[in-house]
Amino acid sequence: MAVSLCIDVRLERRVDRAGLGELLPVVVTAESVARGKPAPDAYLEAARLIGQAPSRCLAVDDAPDGITSALEAGMRVLAVRDGLLVPVPGLLSG
């Protein structure tokens, strides 16, 4: 799944160009939900669309609002920092 603040068409094009369409069959954008990040709506919608409880999902985000959003949704989170994936304390060990 992909969760982004980009508009739908732009994100879908990026996913396709990167060859990730089959790996990311679910795309949720700010246009897909009532409240954008840092509200948890986008991550909750993505979990719903893939049929998983948020606690069974792992979010990867590079922005503070996105990290907050995923944590508020009840997901485990990896932050992208200087090109590295860094576990975010909180629900990661859940």
Side-chain angles (χ1 to χ4, degrees):
M1 79 177 141
V3 176
S4 176
L5 290 178
C6 293
I7 60 173
D8 291 336
V9 175
R10 254 187 9 210
L11 180 60
E12 287 174 7
R13 272 188 274 186
R14 288 180 184 172
V15 167
D16 287 342
R17 264 190 246 133
L20 297 174
E22 289 185 30
L23 295 173
L24 300 172
V26 172
V27 175
V28 177
T29 67
E31 295 172 333
S32 306
V33 294
R35 299 179 303 160
K37 299 174 184 177
D41 301 27
Y43 279 110
L44 291 172
E45 175 66 1
R48 184 189 71 75
L49 289 171
I50 63 169
Q52 294 294 322
S55 62
R56 294 186 41 84
C57 298
L58 174 67
V60 179
D61 210 302
D62 64 347
D65 281 350
I67 292 165
T68 298
S69 176
L71 287 171
E72 289 293 319
M75 295 184 177
R76 295 174 176 95
V77 181
L78 292 176
V80 179
R81 298 278 188 252
D82 299 321
L84 301 173
L85 295 176
V86 179
V88 174
L91 297 174
L92 188 62
S93 61

Exercise for review: Side-chain contact test, heavy atoms from C-beta onward, threshold under 4.5 Å: evaluate it for Ser32 versus Thr29 and give yes or no.
Suggested key: yes

Review point. Is Leu20 reachable from Val27 through a run of I, L, V, M, F, W or Y residues, each pair having side-chain heavy atoms under 4.5 Å apart?
Key: yes

Point to revise | Qualifying salt bridge (charged side-chain N to carboxylate O under 4.0 Å, His left out) pairs, either residue in residues 50-60, two or more places apart | key: none

Point to revise | Connected via hydrophobic side-chain network under 4.5 Å: Val26 and Val33 | key: yes

Check your understanding: What distance separates Arg81 CZ from Asp62 CG, expressed to the nearest 0.5 Å?
Key -> 8.0 Å

Practice item. Indicate yes or no: at least one non-hydrogen side-chain atom of Leu85 is less than 4.5 angstrom from one of Val80. Key: yes

Review point. What is the distance from atom CD of Glu72 to atom CG of Asp65, rounded to the nearest 0.5 Å?
Key: 11.5 Å

Check your understanding: For residues 15-24, which residue pairs qualify under salt bridge (charged side-chain N to carboxylate O under 4.0 Å, His left out), counting only residues two or more places apart or in two chains?
Key -> none

Review point. Any chain of hydrophobic side-chain contacts (each under 4.5 Å) joining Ile50 to Leu44?
Key: no

**Study point:** By salt bridge (charged side-chain N to carboxylate O under 4.0 Å, His left out) - contacts of Arg35 (at least two apart)
**Key:** Asp41

Review point. Is there a donor-acceptor pair under 3.5 Å between the side chain of Arg76 and the backbone N or O of Cys57?
Key: no

**Study point:** Nearest atoms (heavy-atom pairs only) where Leu71 meets Pro89
**Key:** CD2-O, 4.2 Å

Check your understanding: Could you state the interatomic distance from OG (Ser69) to CG (Asp61), rounded to the nearest 0.5 Å?
Key -> 7.5 Å

Study note, to complete from the structure: For Ala73 and Tyr43 the tightest heavy-atom approach is CB-CB, 3.8 Å

